[in-house]
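If you're wondering where the values come from, they're calculated on a predicted model, not measured in any experiment.
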Amino acid sequence: MSEQTVGNTPIRVIFFDNEKAHMKQYAQAAQFIALSRDVPIRIRFFSQGCELLSELRRNETDAVIIIAEPDLACEKGLDTLRRVREQDRVCQIILLSEKDSYALEGYEVDALAYLIKGSTSRETFTTVFNRALDRVIVDSQEYITFSCAGTSQTLRLSDIEYFEVKRKIVTVHFEGGTFDFYSTLHKIEDLLGVHGFIQVHRSFIVALSKISRYDKDTIVLESGTEIPIGKNHRKDLILARKALAG
C-alpha cells in the first residue's frame, strides 16, 4: 500500500513572474519561513502560463501556493490564474505586483492577498505566506492516495465510508466504488485515526461521520450498509461517538 498524506509530499510553491530578481528575493523568504516551521516545500519558477498549467496538471491533488504577477501582458497572467480556478484547484494564490490596479481583479481568482513589490515588508510577507501555508495544509488533509499493482486511486477522505480486509487485501469503500490494495487495518487506523476513522471489528474500519445508527452488534451506515461490531471494539466506538457529538 502507498498512502499520500500531508507531510509526505512537499507543498509546491510556484512563482509566476518574468522578473527573476523579485522572484528569487521572495523565494528565499518563503524557504526561510517554511524551514522555521519544519514544513517541506518545493519551489518552482515559471514565466509562461502554459508551463504553469502543465505543472499543475502533473498532480492535481498536490498542495500548491501560487505567487503571481497579474500584469503579464504577453502571457495574460490573470487569465492563467482564472483557468487555475476553473479547474477547482486546491491552492492559495498571492498576487505580487508592481501596480495596485489589479486589486479588484484579485477577487475573481479568490486571491489570499494583494502585495506590492518593493513596498511589502518582510513581516507582512511572512504573515501572508504563513496564512497560505496554514490553508493548504488543512485543505490537503482532505485527500489520500492508495496504490496497488501499478494503479492508484486518490480519494477525498469525506467520500470514504469504510475499509474491509479479507486475506491481507484491504478494500476501501467510497461513494462511487471500491479499490483494493495490500495493507493491514492496523496501519490504516494509525494513519487515519486522527481523521475520524475507527476500527469496529477485526475486519472493518469505518468513518464515524458515515454512521447513521448502531446497536449492540451492528452499525448501519448512511448508505444502508451494515457493519458488525466486535465485542472488543464496542467500548471504543461508544467513546468515539460521544467525543464526536461534543
Side-chain angles (χ1 to χ4, degrees), residues 4-143:
Q4 176 183 314
T5 59
V6 74
N8 290 344
T9 303
I11 294 171
R12 284 188 291 174
V13 179
I14 297 175
F15 286 84
F16 181 41
D17 199 337
N18 54 18
E19 294 188 3
K20 293 184 178 180
H22 279 121
M23 285 197 290
K24 290 182 178 180
Q25 172 189 349
Y26 289 104
Q28 290 174 353
Q31 188 70 65
F32 178 82
I33 296 166
L35 285 172
S36 69
R37 294 184 53 170
D38 196 26
V39 174
I41 65 172
R42 183 171 72 250
I43 294 176
R44 301 294 305 274
F45 301 95
F46 297 101
S47 60
Q48 296 184 18
C50 59
E51 294 177 344
L52 169 60
L53 294 171
S54 177
E55 168 73 8
L56 293 178
R57 283 193 293 268
R58 290 178 185 174
N59 192 331
E60 296 183 354
T61 63
D62 271 6
V64 178
I65 297 173
I66 300 174
I67 301 175
E69 167 62 82
D71 189 29
L72 294 176
C74 62
E75 289 296 335
K76 298 181 180 180
L78 203 59
D79 286 346
T80 297
L81 297 177
R82 291 190 185 102
R83 291 182 63 185
V84 170
R85 283 300 183 215
E86 287 172 1
Q87 296 173 11
D88 193 26
R89 289 290 318 172
V90 179
C91 69
Q92 294 296 315
I93 295 174
I94 299 171
L95 298 183
L96 182 63
S97 180
E98 291 183 339
K99 304 176 181 179
D100 60 8
S101 56
Y102 287 89
L104 290 178
E105 284 84 348
Y107 289 104
E108 295 181 34
V109 295
D110 192 24
L112 176 64
Y114 192 100
L115 305 179
I116 304 299
K117 294 177 183 176
S119 299
T120 298
S121 67
R122 180 67 174 259
E123 291 76 14
T124 297
F125 181 81
T126 298
T127 297
V128 170
F129 191 74
N130 272 320
R131 285 170 58 201
L133 283 176
D134 290 340
R135 292 191 180 189
V136 296
I137 288 172
V138 171
D139 288 343
S140 64
Q141 288 175 339
E142 296 181 355
Y143 294 92

All pairs passing salt bridge (Lys or Arg N to Asp or Glu O under 4.0 Å) where residues 35-49 contributes a residue, at least two apart: Arg37-Asp134, Arg44-Glu55
Spatial distance of atom CZ (Phe15) from atom CG (Leu52) [nearest 0.5 Å]: 13.0 Å
Any Asp17 side-chain heavy atom under 4.5 Å of Lys117 side chain: yes
Any Leu115 side-chain heavy atom under 4.5 Å of Tyr26 side chain: no
Test item: Leu81 and Leu95 side chains (from C-beta on) under 4.5 Å apart, heavy atoms: yes
Results of side-chain contact (heavy atoms from CB on, under 4.5 Å) for Gln31 - residues two or more places apart only: Leu35, Ile41, Ile43
For Phe125 against Ala30, the heavy-atom pair lying closest together: CE2-N, 4.0 Å
4.5 Å side-chain heavy-atom contact, Phe32 and Thr126: no
pair Leu53-Val84: side-chain heavy atoms closer than 4.5 Å: yes
Exercise: identify the closest heavy-atom pair between Ile116 and Leu96: C-CD1, 4.4 Å
Nearest-0.5 Å distance that lies between atom NZ in Lys24 and atom CZ in Phe45: 7.5 Å
Reported OG1-to-CD1 distance for the pair Thr127 and Ile33, which is rounded to 0.5 angstrom: 8.5 Å
Minimum heavy-atom distance Met23-Phe46, with the two atoms named: SD-O, 4.5 Å
Validation row: Glu19, Ser47 side chains within 4.5 angstrom (heavy atoms): no
Leu56 side, atom CG; Cys91 side, atom SG - distance, nearest 0.5 Å: 7.0 Å
Euclidean distance, Ile93 CD1 relative to Ile66 CD1, rounded to 0.5 Å: 5.0 Å
